[in-house]
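From a predicted model like this one, the values you see are computed outputs, not experimental measurements. Letters A, B, ... mirror the listed sequences (proteins, then strands); counts begin at 1.
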Amino acid sequence: MKPFTRDQMAARLAADVPEGWCVNLGIGIPTMVANHVPPEREVIFQSENGVIGMGPAPAKGQEDPWLINAGKQLITLAKGASFVGHADSFAMIRGGHIDLCVLGGFEVAENGDLANWATSENDTAPAVGGAMDLAAGAKRLWVVMDHTTKDGRPKIVERCGYPLTGLGCVNRVYTNLAVLDVVPGKGFVVRDLAPGWSLAEVQAKSAATLHTN
Amino acid sequence: MKPFTRDQMAARLAADVPEGWCVNLGIGIPTMVANHVPPEREVIFQSENGVIGMGPAPAKGQEDPWLINAGKQLITLAKGASFVGHADSFAMIRGGHIDLCVLGGFEVAENGDLANWATSENDTAPAVGGAMDLAAGAKRLWVVMDHTTKDGRPKIVERCGYPLTGLGCVNRVYTNLAVLDVVPGKGFVVRDLAPGWSLAEVQAKSAATLHTN
Amino acid sequence: MINKIVATVAEALAGVKDGSTVLIGGFGSVGQPDVLIEGLIEQGATNLTAVLNNAGVGRVGVARLMELGRVRKIICSFPRSSDPVVFETLYREGKIELEIVPQGTLAERIRAAGAGIPAFYTATAAGTLLGKDKENREFDGRQYVMERALKGDVALVEAWEADRWGNLVYRGSGANFNPVMAMAAELTIAQVQHIRELGTLHPHMIMTPGVYVNRVVQVDRGGDWLKPEGEA
Amino acid sequence: MINKIVATVAEALAGVKDGSTVLIGGFGSVGQPDVLIEGLIEQGATNLTAVLNNAGVGRVGVARLMELGRVRKIICSFPRSSDPVVFETLYREGKIELEIVPQGTLAERIRAAGAGIPAFYTATAAGTLLGKDKENREFDGRQYVMERALKGDVALVEAWEADRWGNLVYRGSGANFNPVMAMAAELTIAQVQHIRELGTLHPHMIMTPGVYVNRVVQVDRGGDWLKPEGEA
């Protein structure tokens, strides 16, 4: 009956990432995904600031101040890593060369719309970063987020209420209660439920219909 | 009374290239300009195929088959040379970072129009190469060409008859008879005449008015 | 384990379909994927659109592919060469279609395809024959033409070194069209002189990250091409 | 002899005019021209438009420049940071103008300025608040927005090594916005850790050819920043 923890959500998502994909991970839970991909399964982690092939976090005392990711955390390089500038990095993103992007979300709608950057049209200085480029450009976009807000409001919705990051861009959502595919023309389709949760219970915490295939 | 030779035309132009300029030289007489810039005057020669900082032609036996210029001639690198790909090379050209481009010409008009790539609208498979990019993009365009065609037809004209390479792009013309500035709103202004040639004689071989300041 | 290295040229070219748009790297003889072009001749795909800077030299390589009637259309900046006999004959006889694109516009159209940019504006060709059938538009008082992205089904590229991730390091002036073409095709195939252990290529020397490359095949072009860099 | 190296930070920043658009490289603390930003504070130019990824951290650097009232407008993708107090205060009080640009669009708009491309189309921001006041256009059934080139009067960039031609070699993830910003300004000023003899930088390691650089000043950022590459 316990929802997935943040770490469990990241692990659940990581299990679905096949070898060979080039993956961009957003800030927060998405970044934790890398820790759950076993080292023998080669996945290429790309960062917007021009790092292609990030390794694990550096050991204490082994930090290189010249190596950071898009979240400004210190990183290491994997064997085979390369560097490009920002324009080339986003050319890679915009051009559809990233197999998977994982982002956090405020809301995901059944038409695949994502809202994850601003909480109102009058947000003072909302920070978009690279989210819109990733949403528009990545081959696949998976969102990892809690199923509801802290005060229980559903984040799985029919239509987003918050300003959009991208239109029809989300392919799958990993929440602390379920894994949902976003199927064009149909909406949310349940792939998986957190252990001990029933469809009815998860549906009750959602503001859009959850289909079962 | 002898017109400038090709080599003299190149030398005359080279004398006007100051230290520090980044210069792109077209095929033919323009390429010869490099031979006339004294080695102590540092000029950076750029080639469309992504070489920035070409040195003199290689000595016999010292050729490197991986180093060619846009004319497909074997080259050497100057100290300080760098390489970029074609998109970045033409970004440099199109973006106005080339101080001077030197091209050959079929016709130059008093409004600065240049024709140098096709001899009729129905030319079978005319070859434009990088001429239009250079004409549109370089900070300055100097044309070096004979004053007339082999059969005596003027190449200095009021309006080009051949298909254009670029509009209003030529700043100066070095011919075998004269050096002419192209002054916006005015037309051709004589800077120099070949030794022994009078203005009247050169005017007679031109199809546009030659002004004297 | 990621391993993009294939054993043979035939494997590298497997599956190229009739009707494909094929981007072919190189400028002059440098950076030209000559072994892959021979492989494409063997492979048999036809009705191709070839995108490259020139239109072939003599009767080998791309010229041979054209002579065999396998190229429907060529998109290039400079259909002349030291010996353009095949192209000129086919063109005169109306047996091949030609699209002339200014060299910088060609490179940028290919980059745009790789970078997810469907169209851009350039002053190149504005007011000329090559700009007249295109959308013209003024920005800040200057005329520009709109150019569309140019995408390939296949890209054939050449590099000096590669590793099993498909990372490519170019040599001398050998990059030229190769990096943008590698970005802009569904299937990018690289011929390289040397395969290196993963992690031994310098991260700042890799001009084409392996993300853009699908298959790598090592070839021996022999002769001068194999001398170490810097040795003439 | 070409020599773009200047002796002092003051010399490097001489002549920056009031009202300038200043492109400022760096992503996080890496590749950030911190010494040049301090120099700009000293230099005194005001009424600036600052183009950079963030909107300043704490009360130093760009944040300090803003706090001094010298920045009229900021163009960035991410006005939040670990400590955005200065920007947020000024913004709330209506004392600074903000233009939010998606990060990739920001990089591409700057590249476009450097590459002579006045405008291009991207799917980024199509159908969102950031795309709604822009020209929208469909290509092949997908919606795109038109974005304009973003040019600087001045670019402040950081690199690891330079030579007297102004060639720049970056380190680690230090390239980021620096190469495109170097291309896109009338006056490009670089702070570097090391000056090298001309001809000793590897031609394929030079990511920014000196053609794009006007002035180079060597600085000592000290501490960890000076350890040789690869040594943690």
Part of [X] lying under 4.5 Å from any heavy atom of chain B:
X     : result
C/E99 : neither
C/N54 : side chain
C/F87 : side chain

Margin query: Checking an interface table here. Which of residues 100-110 of chain C come within a heavy-atom distance under 4.5 Å of chain B?
Written below: C/I100, C/V101, C/P102, C/Q103, C/G104, C/T105, C/A107, C/E108
Check: Residue by residue, which of residues 127-146 of chain C have a heavy atom closer than 4.5 Å to a heavy atom belonging to chain B?
Finding: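 Heavy-atom contacts from residues 127-146 of chain C to chain B are C/G127, C/T128, C/L129, C/L130, C/R142.
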I'd like to know which of [options] tops the heavy-atom pair count under 4.5 Å against chain B.
options               : value
C/F27, C/Y170, C/W160 : C/F27
C/P79, C/A123, C/P84  : C/P79
C/G31, C/A55, C/S173  : C/S173

Working to the nearest 0.5 angstrom, can you tell me the gap between [X] [atom1] and [Y] [atom2]?
X      : Y      : atom1 : atom2 : answer
B/H86  : C/S77  : NE2   : OG    : 7.0 Å
C/M66  : C/L48  : CE    : CG    : 12.0 Å
B/E107 : B/L164 : CD    : CG    : 9.0 Å
C/E97  : C/I75  : CD    : CD1   : 8.5 Å
B/M54  : B/I68  : CE    : CD1   : 11.0 Å
B/L13  : B/Q8   : CG    : CD    : 13.5 Å

Which answer fits [X], side chain, backbone, both or neither, if we ask what part of it has an atom under 4.5 Å from a heavy atom of chain C?
X     : value
B/A81 : neither
B/D88 : neither
B/L67 : both

Item checked: Salt bridge flag under 4.0 Å for residues C/E38 and C/R64 -> no
Item checked: Residues C/D163, C/R196: salt bridge by 4.0 Å N-O rule -> no
Check: Among pairs that include at least one residue of residues 178-191 of chain B, which meet side chain to side chain donor-acceptor pair (under 3.5 Å), considering only residues two or more places apart or in two chains?
Finding: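 Residue pairs passing side chain to side chain donor-acceptor pair (under 3.5 Å), neighbours aside: B/R172-B/D181, B/D181-B/R191.
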Checklist line | Among the listed options B/C169, B/A91, B/A87, B/A131, the residue most often paired with chain C at heavy-atom distances under 4.5 Å | finding: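 Option with the top pair count is B/A87.
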Note to self: Shorter than 4.5 Å, heavy atoms on both sides: which option in B/F83, B/F90, B/W66 has the most such pairs with chain C?
What the structure shows: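 Among B/F83, B/F90, B/W66, the one with the most close pairs to chain C is B/W66.
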Check: With sequence neighbours left out, which residue pairs that include part of residues 165-188 of chain B fulfil the ring-ring contact (aromatic ring centres under 6.0 Å, His included) condition?
Finding: B/W142-B/Y174
Check: Do B/I52 and B/I44 come within less than 4.5 Å of each other through their side chains, counting heavy atoms only?
Finding: yes
Notebook entry, point to check: Is B/K155 close to B/T149 at the side-chain level, that is, under 4.5 Å between some pair of heavy atoms?
Noted result: yes
Next item on the list: Can you spot which of B/V179, B/V33, B/I29 makes a side-chain contact (heavy atoms from CB on, under 4.5 Å) with B/M9?
Entry: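 Looking at B/V179, B/V33, B/I29, the match for B/M9 under the side-chain contact (heavy atoms from CB on, under 4.5 Å) is B/I29.
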Margin query: With a sphere of 6.0 Å drawn around NZ of B/K79, does it hold more than 12 non-hydrogen atoms of other residues, nucleotides or ligands?
Written below: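 Result for NZ/B/K79: open.
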